[in-house]
Amino acid sequence: MNALVATNRYFKQAVRILGIDSKLERSLLIPFREIKVECTIPKDDGTLVSYVGFRVQHDNARGPMKGGIRYHPEVDPDEVNALAQLMTWKTAVVNIPYGGAKGGIGCNPRDLSHSELERLTRVFTQKIHDLIGIHTDVPAPDMGTNSQTMAWILDEYSKFHGHSPAVVTGKPVDLGGSLGREAATGRGVVYATAALLSDFGKSISNETFVIQGFGNVGSWTAQLLFEQGGKVKAVSDVTGAVKNDAGLDIPALVKHVNQTGGVKGFVGAHEVDPRTILTEDCDVLIPAALGGVLNKENAHDVKAKFVVEAANHPTDPDADEILAQKGVIVLPDIYANAGGVTVSYFEWVQNIQGFMWDEDKVNEELKRYICKAYENLKDISKQNGCSFRMGAFCLGIGRVARATTLRGWEA
């Protein structure tokens, strides 16, 4: 099931629970604006090549639209649409004053040189500069993009609108990026996990963890769990999977990955089949890679008691039902991985104020937002007798629906 179909299914269930009428439901679902642009650039060898760029701006009832820009061969309008909608609910779940957006360019960044990526980013920015802005739509990095990409967007946008550091987040610190932003999504996952475990009388230091994906989010999650005494038994990435029942030495693994580009060949563990990583025996399973990895084929074999979704849409609805029947508690992506967008919000606030925070303040505020959101999520899930996922959708959609109604959407 693709991400858009799954997201719409959850949306419709939440709307029924909340008793939202059909006219408002339709208004909440339809994106505010969809943009599709052609980006033609000269390659280093002089040949011209064209790529298609997208930006879906889903909803702005609660504030400027916010969401990542990804460079990936499979950027298609349906996926961008689903992710934009998820950003609307995600920002509302953690109660930051944004709506949702998402964008991307259908390209493989590994096939492009540094200068080709820069030209592509600048052309994309030229095409959309009058449709993004500090109080309109604030992009951020996503799959295949990074702080350098944001620096190029900032520079190109500023040529048209004057120096505007708050137009993108996830920037290099030297250009107004926030301290703590790089680790923010992983740190948010750890704060969310700690809140969930403490509700069940458990703590990170007594639990075992398996993490699928060792990119930015997976590696920071692993490092922070390790620092808090958690035992990370197995991790995987595109190169393979490694396991050590006594617990992996995460700092050594991070060093190995930095040197070799992947977890494969790490001496402090033995290699396992990456396809079995999701069904390894552990207390907490953290999918931190691609979407749709937990499905009806493998959900029956999941041995974890808790699944914390660090990736976007890693569990499809069929797997969700199977896990619920098994009594596995799933902490949904629109709450669990909201640390990144929360610290993006802090970066935007710092840029607008022209006053930067130290890293301790960033982490402190992040913890406050994530813990408060967990309490809200728990309350609404109890109130409606539903899962955390349905609770998160009800919490987010309810807030957006109230803002939309207060603004007078029928006029």
**Asked** Arg119 side chain to Pro42 main-chain N or O, any donor-acceptor pair under 3.5 Å?
**Response** yes
**Request:** Determine, for Lys243 against Glu280, whether the closest basic-nitrogen to carboxylate-oxygen distance falls under 4.0 angstrom.
**Result:** yes
**Prompt:** Cut-off 3.5 Å, side chains only: do Glu309 and Thr315 have a donor facing an acceptor?
**Reply:** yes
**Asked** Are Trp348 and Tyr98 an aromatic pair by the rule of ring centers under 6.0 Å?
**Response** yes
**Request:** Verify the distance criterion only: is there a donor paired with an acceptor across the side chains of Tyr345 and Thr91 at less than 3.5 Å?
**Result:** no
**Message:** Would you compute the distance between atom NZ of Lys264 and atom NE2 of His256 and round it to the nearest 0.5 angstrom?
**Reply:** 9.5 Å
**Request:** Indicate the atoms forming the closest heavy-atom contact of Tyr191 with Ile370, along with that distance.
**Result:** CB-CG2, 3.8 Å
**Complete:** Tightest non-hydrogen contact, residues Ala222 and Phe214, listed as CB-CE1, 3.7 Å
**Request:** Find out whether Leu294 and Pro287 are in side-chain contact, i.e. whether some heavy atom of one side chain is under 4.5 Å from a heavy atom of the other.
**Result:** yes
**Request:** Using atom types as modelled and distance alone, determine if a side-chain donor or acceptor of Thr88 lies under 3.5 Å from a backbone N or O of Gly100.
**Result:** yes
**Test item: side-chain donor near acceptor, Asp155 and Ser158, under 3.5 Å** = no
**Message:** Please report the interatomic distance CH2(Trp357) to CG(Asn363), rounded to the nearest 0.5 Å.
**Reply:** 11.0 Å
**Item:** Side-chain heavy atoms of Lys12 within contact of Glu25, under 4.5 Å
**Value:** yes
**Request:** Please indicate whether Phe200 has more than 12 foreign heavy atoms, meaning atoms of other residues, nucleotides or ligands, lying under 6.0 Å from its CZ.
**Result:** yes
**Message:** Ignoring hydrogens and geometry beyond distance, is a side-chain donor-acceptor pair present between Thr7 and Gln85 at under 3.5 Å?
**Reply:** no
**Item:** Evaluation steps, side chain to side chain contact (heavy atoms under 4.5 Å, CB included), between Val284 and Leu197
**Value:** CA-CA 9 Å; Val284 183; Leu197 290 174; 4.2 Å; yes
**Asked** Between Arg407 and Asn60, what is the shortest heavy-atom contact and its length?
**Response** NH1-O, 3.3 Å
**Prompt:** Taking Asp237 for the side chain and Gly262 for the main chain, is one N or O donor matched with an acceptor at less than 3.5 Å?
**Reply:** no
**Request:** Measure the shortest side-chain to side-chain distance between Gln13 and Phe393 over non-hydrogen atoms and say whether it is less than 4.5 angstrom.
**Result:** no
**Message:** Quick one: does any side-chain atom of Glu271 pair with a main-chain N or O of Gly265 as donor and acceptor, under 3.5 Å?
**Reply:** yes
**Request:** Might you work through the side-chain hydrogen bond (donor to acceptor under 3.5 Å, both in side chains) test for Asn298 and Thr279, ending with a clear yes or no?
**Result:** CA-CA 8 Å; Asn298 60 10; Thr279 55; over 6 Å; no
**Check against salt bridge (Lys or Arg N to Asp or Glu O under 4.0 Å), Asp301 and Lys326** = CA-CA 10 Å; Asp301 303 322; Lys326 282 164 61 88; over 6 Å; no
**Request:** Could you give me the CA-CA distance, side-chain angles and deciding distance for Phe209 and Cys282, then say whether side chain to side chain contact (heavy atoms under 4.5 Å, CB included) is met?
**Result:** CA-CA 6 Å; Phe209 300 84; Cys282 63; over 6 Å; no
**Asked** Between Lys43 and Asp45, is there a salt bridge with N-O shorter than 4.0 Å?
**Response** no
**Asked** From Arg181 CZ over to Glu347 CD, what is the distance, rounded to the nearest 0.5 angstrom?
**Response** 7.0 Å
**Message:** Using a 6.0 Å cut-off, check whether atom NZ of Lys303 has over 12 heavy atoms from anything other than its own residue.
**Reply:** yes
**Message:** Whether the side chain of Asp316 engages the backbone of Ala6 through a donor-acceptor N/O pair (distance < 3.5 Å, no angle test) should be reported.
**Reply:** no
**Request:** For side chain to side chain contact (heavy atoms under 4.5 Å, CB included), just list the numbers for Asn81 and Phe54, CA-CA rounded to whole Å, side-chain angles, deciding distance to a tenth of an Å, and then say yes or no.
**Result:** CA-CA 10 Å; Asn81 215 313; Phe54 301 96; over 6 Å; no
**Message:** Would you say that Phe306 contacts Ile329 through its side chain, given a criterion of any heavy-atom pair below 4.5 Å between the two side chains?
**Reply:** yes
**Prompt:** Is the closest basic N to carboxylate O distance between Glu364 and Arg368 below 4.0 Å?
**Reply:** no
**Item:** Nearest atoms (heavy-atom pairs only) where Ile277 meets Leu285
**Value:** O-CD1, 4.2 Å
**Message:** Less than 4.5 Å apart, side chain to side chain, heavy atoms only: is that true for Val293 and Gln212?
**Reply:** yes
**Request:** State, to 0.1 Å, how close Ala401 and Ile20 come at their nearest heavy-atom pair, and which atoms those are.
**Result:** CB-CD1, 3.9 Å
**Request:** Step through the shown structure and confirm whether more than 12 heavy atoms of other residues, nucleotides or ligands are within 6.0 Å of CD on Gln228.
**Result:** yes
**Message:** Less than 4.5 Å apart, side chain to side chain, heavy atoms only: is that true for Lys66 and Ser344?
**Reply:** yes
**Asked** Around Lys127, counting heavy atoms of other residues, nucleotides and ligands shown, do more than 12 lie under 6.0 Å from its NZ?
**Response** yes
**Prompt:** Quick one: does Leu112's side chain get under 4.5 Å of Tyr71's, heavy atoms only?
**Reply:** no
**Request:** Give me the ring orientation class for His161 and Tyr157: parallel if the planes are under 30° apart, tilted from 30 to 60°, perpendicular past 60°.
**Result:** parallel
**Request:** Could you tell me whether Lys202 and Asp283 make a salt bridge, using a distance below 4.0 angstrom between a side-chain N and a carboxylate O?
**Result:** no
**Message:** To check you understand the geometry: which heavy-atom pair defines the closest contact between Ala392 and Pro332, and what is its length?
**Reply:** CB-CG, 3.9 Å
**Asked** When you measure from the side chain of Thr193 to the backbone N and O of Val189, does any donor-acceptor pair fall under 3.5 Å?
**Response** yes
**Message:** As a quick check of understanding, evaluate side chain to side chain contact (heavy atoms under 4.5 Å, CB included) for Asp333 and Arg389, giving each step before the final call.
**Reply:** CA-CA 8 Å; Asp333 51 358; Arg389 187 182 312 280; 3.9 Å; yes
**Asked** At what distance, to the nearest 0.5 angstrom, does CG of Asp249 lie from CG of Asn244?
**Response** 9.5 Å
**Request:** Check whether any side-chain heavy atom of Lys102 sits under 4.5 Å from a side-chain heavy atom of Asp142, and report yes or no.
**Result:** yes
**Prompt:** If you count the non-hydrogen atoms of other residues, nucleotides and ligands that lie under 6.0 Å from CZ in Arg33, is the total more than 12?
**Reply:** yes
**Request:** Ignoring hydrogens and angles, tell me if any N or O in the side chain of Asn337 forms a donor-acceptor pair with the backbone of Ala311 under 3.5 Å.
**Result:** yes
**Prompt:** So, His163 side chain and Leu154 main chain: donor-acceptor pair closer than 3.5 Å or not?
**Reply:** no
**Asked** Does Glu79 use its side chain to pair, donor to acceptor, with the backbone of Val75 at less than 3.5 Å?
**Response** no
**Side-chain donor-acceptor pair present, Arg70, Thr145, cut-off under 3.5 Å** = no
**Message:** Assess whether a salt bridge exists between Glu156 and Lys159, defined as any Lys/Arg side-chain N lying under 4.0 Å from an Asp/Glu carboxylate O.
**Reply:** yes
**Request:** Test Ile35 against every option in Val56, Leu131, Val80 by the side chain to side chain contact (heavy atoms under 4.5 Å, CB included) rule and name the one that passes.
**Result:** Leu131
**Request:** Verify whether the ring centers belonging to Tyr335 and Phe388 lie closer than 6.0 Å.
**Result:** no
**Prompt:** Do Tyr369 and Phe346 have their ring centres less than 6.0 Å from each other?
**Reply:** yes
**Prompt:** To the nearest 0.5 Å, what is the distance between CG (Leu290) and CE (Met143)?
**Reply:** 5.0 Å
**Prompt:** If you round to the nearest 0.5 Å, how far is OG1 of Thr169 from NZ of Lys171?
**Reply:** 6.5 Å
**Prompt:** Counting N and O atoms only, with roles assigned by atom type, does the side chain of Arg55 sit under 3.5 Å from a partner on the main chain of Ala101, one being a donor and the other an acceptor?
**Reply:** no
